[in-house]
Amino acid sequence: MCTKNRAHNAHPRRNGPNVYEKPCSQPTSGAQRAACFEGAIGTVLRMKKINAEGTNIASHVTLGKVANDGYVLAITLDIAIKGVETSIAEDVVAEAHKVCPYAKATRGNIEVITNVVG
């Protein structure tokens with residue numbers, strides 16, 4: 001369970017005799033995905049010899065309910081690759097999906113939406 005205010009805590013903590021508050025996994029998943037994806041973008045930029053001024057990724061994680069009373073995560077990544085034309089940035093992002101280890105590990109399990117912004 002997440003803490004009452006859904007704040008992300010680094011470590012579980014004891015709250016009462018048999019109740020533990022655990023870190024909220026949704027923000028952690030988004031941060032992990034964004035960090036890994038940023039590394040993959042850097043790899044693709046180097047492979048294609050594209051100079052960029054920097055990368056900024058904002059991740060938004062949602063927890064949705066599915067028909068069989070289960071739950072599913074979805075992550076939206078808003079990605080800005082500074083100093084690179086939008087069409088080139090979109091190609092880099094598409095290629096990064098093939099390179100990113102986190103993307104490979106979660107493919108088909110977590111919906112990921114990428115938006116190239118600014």
Peer 1: Does anything in residues 46-67 form a ring pair (Phe, Tyr, Trp, His ring centres under 6.0 Å)? List the pairs, not counting sequence neighbours.
Peer 2: none
Peer 1: Which atom names give the shortest non-hydrogen contact between S59 and A31, and what distance separates them?
Peer 2: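 Looking at all heavy atoms of both residues, the closest pair is OG-N, 3.9 Å.
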Peer 1: Applying side-chain hydrogen bond (donor to acceptor under 3.5 Å, both in side chains), which residue pairs with at least one partner in residues 105-118 are found, sequence neighbours left out?
Peer 2: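 For residues 105-118: R33-T106, D78-N115.
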Peer 1: Could you tell me the separation between the CD1 atom of I110 and the CD1 atom of I75, rounded to the nearest 0.5 Å?
Peer 2: 5.0 Å
Peer 1: Does V92 reach the side chain of I81, with side-chain heavy atoms less than 4.5 Å apart?
Peer 2: yes
Peer 1: Return the CG to OG1 distance between L45 and T55, rounded to the nearest 0.5 Å.
Peer 2: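 It is 6.0 Å, given to the nearest 0.5 Å.
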Peer 1: How long is the span from the NZ atom in K48 to the CG atom in D91, to the nearest 0.5 Å?
Peer 2: 6.5 Å
Peer 1: Work out which heavy atom in N51 is nearest to a heavy atom in V84; give both atom names and the distance.
Peer 2: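 Scanning both residues, the minimum pair turns out to be O-CG2, 3.8 Å.
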Peer 1: Considering only heavy atoms from C-beta outward, does the side chain of I57 approach that of I41 to under 4.5 Å?
Peer 2: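 In contact.
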Peer 1: Side-chain heavy atoms under 4.5 angstrom apart, residues restricted to Ile, Leu, Val, Met, Phe, Trp, Tyr: same cluster for Y71 and I113?
Peer 2: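 Different hydrophobic clusters.
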Peer 1: Contact between I79 and F37 at the side-chain level, heavy atoms closer than 4.5 Å - yes or no?
Peer 2: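 In short, these two side chains touch, coming nearer than 4.5 Å.
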